[in-house]
Q: 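Okay, here's the structure, questions in a sec.
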2 protein chains.
Amino acid sequence: MIIEVDFSGDIPIYSQVRDQIVIGIASGQLRPGDALPSVRRLAADIGINVHTVNKAYAILRDEGFIIMDRRSGAEIAAMKKEDGPFIEQLKGRLCPYVAEAMCRQMSLEEFQESVASIYHSLKM
Amino acid sequence: MIIEVDFSGDIPIYSQVRDQIVIGIASGQLRPGDALPSVRRLAADIGINVHTVNKAYAILRDEGFIIMDRRSGAEIAAMKKEDGPFIEQLKGRLCPYVAEAMCRQMSLEEFQESVASIYHSLKM
DNA sequence: TTATATGTTATACATGATATAGAACAAATA
DNA sequence: TATTTGTTCTATATCATGTATAACATATAA
């Protein structure tokens with residue numbers, strides 16, 4: 001799996017790395033049990049600092065996406081089904097986007113269609 | 001309209017102010033033509049610096065949500081219907097959230113239901 | 001005129017986030 | 001023994017964020 005980073009954007013590098021790995025898991029490119037490149041390896045491949053990759057990995061670990069072992073490295077975790085608190089947290093983060101879409105006269109159906117478009121582009 | 005800010009959170013204050021005004025417009029609490037409080041007034045009400053409010057207002061102006069006049073103050077703008085580029089930009093920002101939901105075994109329908117929940121909570 | 005209020009701009013400062021760099025540690029493997 | 005793993009530590013540089021103070025041009029009201 002190839003990870004690319006936009007250095008000129010306003011999204012932190014560690015956040016971009018985190019997002020792309022999550023997208024990789026969602027799309028099936030990364031499956032539970034798969035080994036991730038070591039922090040040094042990935043840092044060298046992308047051309048960034050080891051600490052930046054380590055921060056992304058630590059976040060993914062705290063979020064339950066990966067399992068890290070000091071000796072064997074990092075691998076994709078098997079995740080449980082989402083619970084109530086996650087959905088509430090998700091709603092809170094989505095709210096500003098839904099609100100902006102409503103201001104721009106986007107219907108609920110149009111918004112949901114965009115979500116479906118993302119969903120299917122990841123699923124295949 | 002009351003604007004409250006979380007100082008301990010990880011979301012910048014100017015971003016929180018921006019989001020809450022957008023939510024106010026989406027919910028109909030703020031309508032096109034309505035006057036916004038002056039930057040000094042709102043800053044005093046919330047208990048933050050004038051420049052922080054000014055930054056939020058400047059962003060809202062750049063995004064087309066409000067119209068600012070050096071003499072008459074700021075007011076809510078009448079917005080056109082969203083265009084193609086906006087939807088593409090929106091998809092890019094939503095993608096990580098959809099991906100995370102998929103990793104947590106959330107179905108498309110469940111995600112869309114959350115969006116609908118937000119939509120209706122703003123609409124009423 | 002005078003006073004007040006508006007957005008706007010400028011400078012300065014403090015703090016935290018971000019990213020880099022180099023080094024070292026404990027544990028496991030080849 | 002040598003290498004690799006995640007992890008931790010110190011250090012530095014840069015940018016974002018937030019505050020503080022001041023001033024400006026413009027408009028309105030007393």
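So you know, we letter chains A, B, ... as the sequences are listed, proteins then strands, and number each from 1.
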Q: Rounded off to whole Å, could you give me the CE-to-P distance for the B:M68 and C:dA5 pair?
A: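 Those two atoms, CE and P, are 18 Å apart.
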
Q: A:R71 side chain N/O closer than 4.0 Å to the phosphate oxygens (OP1, OP2) of C:dA28?
A: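 For A:R71, the contact criterion (side-chain N or O under 4.0 Å from OP1 or OP2 of C:dA28) is met.
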
Q: Taking CZ from A:F7 and P from C:dA19, how many angstroms apart are they, rounded to a whole number?
A: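 Between P of C:dA19 and CZ of A:F7: 10 Å.
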
Q: Given atom CZ of A:R40 and atom P of C:dT20, what is their separation to the nearest angstrom?
A: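 Rounded to the whole Å, the gap is 16 Å.
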
Q: Between D:dT17 and B:K55, is there an OP1 or OP2 to side-chain N/O distance shorter than 4.0 Å?
A: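 Affirmative; the distance criterion is met.
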
Q: CD1 of A:I48 versus P of C:dG22: gap in Å, rounded?
A: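 Going from CD1 in A:I48 over to P in C:dG22 covers 16 Å.
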
Q: Is a side-chain N or O of B:S15 found less than 3.5 angstrom from the main chain of B:P12, in a donor-acceptor match?
A: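 Judged by distance alone, no pair lies under 3.5 Å.
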
Q: Looking at B:K91 and A:E113, is any side-chain nitrogen of the basic one under 4.0 Å from a carboxylate oxygen of the acidic one?
A: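 Answer for the salt bridge query: no.
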
Q: Hey, is the main chain of B:I66 close enough, under 3.5 Å, to the side chain of B:E75 for a donor-acceptor pair?
A: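 No; judged by distance alone, with no hydrogens or angles, the pair does not exist.
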
Q: Can a side chain N or O of A:T52 be found less than 4.0 Å away from OP1 or OP2 on C:dT18?
A: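 Checking A:T52 against C:dT18: no side-chain N or O falls below 4.0 Å of OP1 or OP2.
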
Q: Is there a donor in the side chain of B:S27 and an acceptor in the side chain of B:K123, or the other way round, less than 3.5 Å apart?
A: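 There is no such pair between these side chains.
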
Q: Measure CZ/B:R41 against P/C:dG7 and give the value in whole Å, please.
A: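 Taking CZ of B:R41 and P of C:dG7, I get 12 Å after rounding.
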
Q: Roughly, in whole Å, what's the span from CG in A:D10 to C1' in C:dA19?
A: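 Taking atom C1' of C:dA19 as the reference, CG of A:D10 is at 16 Å.
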
Q: With respect to the phosphate group of D:dA27, does any side-chain polar atom (N or O) of B:S72 fall under 4.0 Å of OP1 or OP2?
A: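 For D:dA27, OP1/OP2 do not have a side-chain N/O of B:S72 under 4.0 Å.
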
Q: Taking CD1 from A:I11 and P from D:dA16, how many angstroms apart are they, rounded to a whole number?
A: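 From A:I11 CD1 to D:dA16 P: 14 Å.
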
Q: With the side chain of A:R70 defined as its heavy atoms from C-beta on, choose the nearest nucleotide among D:dT7, C:dA19, C:dT20.
A: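 Comparing D:dT7, C:dA19, C:dT20 against the side chain of A:R70, the answer is D:dT7.
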
Q: Would you say A:Y57 places a side-chain N or O within less than 4.0 Å of OP1 or OP2 belonging to D:dG6?
A: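 For D:dG6, OP1/OP2 do not have a side-chain N/O of A:Y57 under 4.0 Å.
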
Q: Counting the atoms with a prime plus P, OP1 and OP2 as sugar-phosphate, which does A:S38 contact under 4.0 Å by heavy atoms, base, sugar-phosphate, or nothing?
A: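 It contacts sugar-phosphate atoms only.
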
Q: Hey, is the side chain of A:Y14 poking within less than 4.0 Å of OP1 or OP2 on C:dT18, counting only N and O atoms?
A: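 Yes, within the criterion.
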
Q: Taking any heavy-atom pair under 4.0 Å as a contact, classify A:N54: base, sugar-phosphate, or nothing.
A: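 Base contact.
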
Q: Picking from D:dA22, C:dT8, D:dT5, which would you name as closest to the side chain of B:V39?
A: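 The answer is C:dT8.
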
Q: Strictly by modelled atom types, are A:N54 and A:T52 linked by a side-chain donor-acceptor pair under 3.5 Å?
A: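 Not at all, the side chains of A:N54 and A:T52 share no donor-acceptor pair under 3.5 Å.
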
Q: What nucleotide, of D:dT17, C:dA19, D:dT7, holds the atom closest to the side chain of A:I13?
A: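 For A:I13, the side-chain atoms sit closest to C:dA19.
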
Q: Write down the distance between CG (B:L42) and C1' (C:dG7), rounded to a whole number of angstrom.
A: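 Going from CG in B:L42 over to C1' in C:dG7 covers 14 Å.
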
Q: Under 3.5 Å, is there an N or O donor on one side and an acceptor on the other linking the side chain of B:H51 and the base of C:dT8?
A: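 Absent.
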
